Amino acid sequence: MSDAKPIWIRDPLAILADGAGRGIVVKDGRIIELVPAGATPATADVAVFDASGHVVLPGLINTHHHFYQTLTRALPAAMDRELFPWLQALYPVWARMTPDTLELGVTVAMSELLLSGCTTTTDHHYVFPAGLEESVDIEVGVAKRLGVRVLLTRGSMNLSQRDGGLPPDSVVQDEDTILADSARVVAKHHQRGADAMVQIALAPCSPFSVTTSLMRATADLADKLDVRLHTHLAETEDENKFCQQMYGCRPLDYLEQCGWLNARTWLAHGIFFNADEMKRLGKARTTISHCACSNQLLASGCCPVCEMEEAGVDIGIGVDGSASNDGSNLMQEVRAAFLLQRARYGVTKVSHKDALRWATRGSAACVGRPELGEIAVGKAADLALFKLDELRFSGHGDPLAALVLCGAHRADRVMVAGNWAVVDGAIPGLDVPDLIRRHSAAARAMQAG
Ligand SMILES: [Zn+2]
């Protein structure tokens, strides 16, 4: 227990919680009290934060990303291509990444996320060219500096073109190296328990870049180490064809054969599952990260989120890599998911509250953190506070709906584990113009080769 006073986040303009009309009290990284309308806190001796100009959300949780891709946004060589040719255009560029460029790319991605109201983020880092063996360690360092909660994945690729895979030799590693480093980063960085700030998961990249042997060995290792599993699945028709040709089955059958169809696993995309496969996912408690912007940009398709939820599958939200989004703004991603799914299912089936639920409670299920994604007593003090004083909100009715419908994209305050990580729309101590200058120079150098 610390000596810091409890903080009463008082009189929010609106709050995504029941029975908290006068706000909430947080202490030692947790929410300790909801204050109903007309009441005052039962907790004594509180410091007050006046939230009368703020809409308060549980901190948003990003369930899929590739931070390093901020270095290859809107790259002409990759634009206007579908997933496979898009990847083939980008692999050689990513192979030129250095530890310094990665650190800048990660800092930009995490900063964008924080400023958009994200308090917990995953990252799927699967490119390990020579010299970048400590990629996950670099990411951990940035997360600690910025104060964001993370579930970083030790990604991998070991099926190169030589063996019938998609990536070139320069970006793959062998199975022994991958497994040894996976065990190393878990032992070094993975924290357990409800207050964990840094966690590690294991994440072979996709069926078309990883061998069956590595998929199986990774599932065994995750079981042994008790960490989560992540991969891309059912993203495109090309992947369906690849699995049929290479493995003689559909992607979900392949996943099951590899020992992955269980509650430890969350999958990015999940667009091309049929009704029977959705039932199997629901029964197994495997969860899905819906990446609306990426799926639209690469014209991959549309994740059937309502059928998934009816089948018992929890849906989270992911911005996906900045080469296929091309941003890292989680609040904008909520709006994108809302619009895409409303277009698919109609106005009565999808509301702004559904989209906010996906990005909070649904995403918390994806990352295996039930203590996140909700404003309730005992849950983590991870909060995103938005002001509605910009031109885009002028004339609004319902403040919560306005966030999604009017296009909120910048949080005024963000709290992670009871600490303010964003204050007045900025990250304390972060020199943004300097970061942009250095990141842009690094990106240009990498793109030029
Ligand atoms: Zn991805």
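As the structure is a prediction and not an experimental result, all values here were calculated from the model. Atoms within a ligand are numbered from 1 in the order they appear, just like the ligands themselves.
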Legend entry - Ring centre gap for Phe272 and His269 strictly below 6.0 Å: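 Here the rings of His269 and Phe272 have centres that are no less than 6.0 Å from each other.
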Legend entry - the Zn ion (ligand 1) contact by His66, N, O or S atom under 2.8 Å: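 A backbone or side-chain N, O or S atom of His66 is under 2.8 Å from the Zn ion (ligand 1).
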Inset, instruction - Have a look at His64 and say which of its N, O or S atoms is nearest the Zn ion (ligand 1). - result: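 This residue's closest N, O or S atom turns out to be NE2.
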Legend entry - salt_bridge(Arg410, Glu390) N-O dist < 4.0 Å: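 No salt bridge links Arg410 with Glu390.
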Inset, instruction - For Ser322 and Thr70, test the side chains for any donor-to-acceptor distance below 3.5 angstrom and give the result as yes or no. - result: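 Judged by distance alone, the side chains do not pair up.
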Inset, instruction - Have a look at the Zn ion (ligand 1) and estimate, to 10 degrees, the angle subtended by NE2 (His232) and OD1 (Asp320). - result: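 His232 NE2 and Asp320 OD1 form an angle of 170° at the Zn ion (ligand 1).
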Legend entry - Heavy atoms from other residues, nucleotides or ligands near CZ of Arg73 exceed 12 (cutoff 6.0 Å):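 Result for CZ/Arg73: enclosed.
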